[in-house]
Amino acid sequence: MRWSKTFIPTMKEVPADAEIPSHQLMLRAGLVRQVMAGSYTYLPLGWRALRKAEAIVREEMERAGAIELFMPALQPIELFERTGRKDDFGNVLVHFTLKRGDKTVHVALGPTHEEVVTDLIAHHISSYRQLPLTVFQIQTKFRNEERPRFGVLRTSEFLMKDAYSFDRNLEDLDRSYQLMYDVYCRIFARCGLKYVPVEAESGPIGGDASHEFMVPAANGEDRLVRCTACPYAANLERAATGRAAPELLTPSGGPELKRVDTPGSTTIEQVSQLLGCRPEQMIKTLIYLIDDEPVAVLIRGDHEANEAKIRRALGAKTVELADPATIERVTGAPVGFAGPVGLACRIVADHDIPRIPEAVTGANEADAHLTGVVVGRDFQLDATYDLRMATAGDPCPRCGEPMELVHGIEVGHVFKLGTKYSEALGAYFSDEHEQRRPIIMGCYGIGVNRIIAALAETSHDENGLIWPLSVAPYEVLLIGLNMNDGSVVGAADRLYEELKQRGVDVLYDDRDARPGVKFKDADLIGFPLRVVVGAKGLRDGAIEVKWRTDASPEKVPVEEAVDRVLEMLQQRRRDDEQQAARQAADAVR
RNA sequence: CGGGACGUAGCUCAGCCUGGCUAGAGCGCCGGCUUUGGGAGCCGGAAGUCGCAGGUUCGAAUCCUGUCGUCCCGACCA
């Protein structure tokens with residue numbers, strides 16, 4: 001393609017509305033343009049990159065035996081009502097009514113396709129002989145995000161590869177799941193992403209039923225915890241800590257228990273400021289309704305409660321913060337003054353609570369707190385649990401080494417669904433014993449746009465983007481430096497034609513622009529391989545070849561140029577492929 | 001949905017506080033000349049409903065009210 005014949009609106013200045021690197025660079029490099037908050041046009045270069053990522057996803061899915069199909073974005077609302085997800089999604093679900101003659105049709109734009117695919121399978125799979133089956137599609141999804149942000153990272157319309165597996169039993173599901181997990185590793189590795197598979201909340205099935213694929217990035221919306229020594233990694237919701245349960249003592253002496261006035265101070269910050277103590281000295285007393293019973297959960301002042309951990313620790317079904325009326329009834333005080341001393345309800349505590357030598361807590365009375373609180377003397381605990389969000393420095397649950405907390409971009413998610421949808425939508429099969437059983441499902445998503453955005457976010461320097469060969473809009477940029485110089489134009493034109501003929505994915509910058517402009521654009525967009533034809537080099541019969549990441553170019557005789565370019569591309573492809581295989585193998589391990 | 005910021009030319013922004021003349025600059029764009037290895041120089045030119053609506057005023061980009069839009073923080077995100 002000739003630059004002069006395509007459409008690449010690059011920008012020298014940073015658009016005021018873009019804050020994070022991927023957003024700024026994708027706009028400046030002419031990859032995307034915003035249409036409104038949360039929706040973007042993919043310009044020719046951005047679309048090419050997106051389609052290359054899509055092709056990698058498709059190729060690997062098919063290699064793993066998944067079958068591609070294509071479902072409609074427009075779906076009957078009734079399917080979402082049958083699974084209860086109309087309410088679950090709430091405002092996120094885009095739905096509206098259409099007039100058809102004298103009928104009104106209530107439809108939704110698919111935020112995902114569990115309903116449609118399960119309905120399809122319910123109609124056409126009835127025997128164990130037809131299983132297992134994994135289908136996938138690459139399709140536009142719609143979600144009315146409450147707050148679209150971060151450029152193309154969080155949009156209300158996006159390209160998603162979603163796959164669904166159908167199995168006879170849990171063992172087969174494990175196999176399907178593992179297959180998808182492994183494929184995801186290959187996909188992200190081939191796309192040149194530095195990804196981390198992390199454990200995620202598993203939902204109804206439990207165990208290792210869900211993993212997210214994260215790309216660590218400072219501007220990522222999600223947070224993950226990973227061990228600095230071993231491969232353990234989990235999202236923040238899920239991350240366990242390897243803290244040991246402390247010994248529970250019943251001391252008698254120690255500091256004096258005192259009641260102090262703290263008028264109007266209900267937050268950790270206010271109280272610690274007023275009393276001159278540190279948040280880590282304080283005990284946060286959260287009144288939860290756990291299976292509808294009030295329970296006080298004790299968390300250190302500087303920590304954050306993790307409701308999933310509370311649910312698991314207590315073997316509960318539902319965990320929700322109590323309403324103000326309940327809190328007042330249980331503690332005898334308004335919200336903000338709860339404390340464990342003299343509290344009537346059940347009390348559970350995080351491991352860190354007994355380690356506070358001299359704690360500050362609410363006094364269960366308005367406008368008052370207690371200081372000098374000693375666990376085991378002023379109130380009793382029978383056990384402690386891991387009930388809080390992990391933080392940086394916590395010991396790894398596998399090996400005990402310190403963990404780190406980093407932000408990440410979620411690019412993929414694999415999930416064991418079980419029978420939620422098959423039961424709701426009647427997807428049953430007869431097994432070999434003539435038993436009618438619900439089909440066991442798994443679902444597997446990849447945000448294709450996010451592959452591009454995550455690359456832009458993590459692979460750039462001060463001059464612009466740096467694409468891997470595999471998803472670059474074009475692999476090679478050929479620059480004719482001075483298009484008023486007949487010899488340059490002649491040589492560059494010949495080179496372009498020959499590269500094209502040899503199947504090279506090349507963009508030819510044939511613009512009548514100054515060299516500086518062309519070099520800056522080349523770096524900004526970040527084409528992997530740059531080939532320069534200039535008058536200077538031509539005098540010595542040479543052109544120049546340079547990788548985006550190289551400091552200086554290599555001179556190549558004009559007559560060897562095409563072969564050299566092909567050779568370099570081949571070599572790089574081999575290297576990338578090997579590296580991807582190694583990375584994928586590491587992750588699978 | 002709570003909190004904050006912003007809206008003036010394609011882009012980045014000044015002007016607004018303290019109302020007043022043809023509404024400005026840089027970049028980009030168009031034409032001309034010069035220039036050609038890292039966003040060139042000179043000359044000339046086109047381009048703006050000052051987000052929109054209403055109000056105050058002799059007079060509004062500027063003050064007031066409303067509204068729409070965008071961004072950021074938080075809540076939310078099967």
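Labels below follow one simple rule: chain letters A, B, ... track the order of the sequence lines, proteins then strands, and each chain is numbered from 1. Being a predicted model, the structure only gives us computed values, none of them experimental. Reckoned from all heavy atoms, side chains included, excluding hydrogens, waters and symmetry mates.
- At B:G2, none of the side-chain N or O atoms of A:Arg147 fall inside 4.0 Å of OP1 or OP2 (strictly under the cut-off).
- Counting atom types as modelled, A:Asp523 pairs a side-chain N or O with a base atom of B:G38 as donor and acceptor under 3.5 Å.
- On a pure distance criterion of 3.5 Å, no polar donor-acceptor pair joins the side chain of A:Asp17 and the base of B:U70.
- On the C1' atoms, B:C17 is 11 Å away from B:C63, given to the nearest whole Å.
- Phosphate proximity of B:G39 to A:Arg514: absent, as no side-chain N or O sits under 4.0 Å from OP1 or OP2.
- Residue pairs that meet the salt bridge (Lys or Arg N to Asp or Glu O under 4.0 Å) test with at least one member in residues 106-117 of chain A, sequence neighbours left out, are A:Arg85-A:Glu114, A:Arg85-A:Glu115.
- A:Glu410 has its CD atom 15 Å from the C1' atom of B:C76, to the nearest Å.
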Quiz: residues 216-225 of chain A side-chain donor-acceptor pairs under 3.5 angstrom, not counting sequence neighbours:
from     : atom 1 : to       : atom 2 : distance (Å)
A:Asn219 : ND2    : A:Glu457 : OE2    : 2.8
A:Glu221 : OE1    : A:Arg154 : NH1    : 3.0
A:Glu221 : OE2    : A:Arg149 : NE     : 3.3

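- Within 3.5 Å, no donor on the side chain of A:Glu13 pairs with an acceptor on the base of B:G28, nor the reverse.
- Counting only distance, with no hydrogens or angles, the side chain of A:Thr458 and the backbone of A:Ala454 share a donor-acceptor pair below 3.5 Å.
- B:C1 and B:U57 have their P atoms separated by 36 Å, given to the nearest Å.
- Rounded to whole Å, the separation between the C1' atoms of B:G59 and B:G19 comes to 8 Å.
- Rounded to whole Å, the separation between the P atoms of B:C6 and B:U62 comes to 15 Å.
- One C1' atom belongs to B:A61, the other to B:C21, and the distance between them is 15 Å to the nearest Å.
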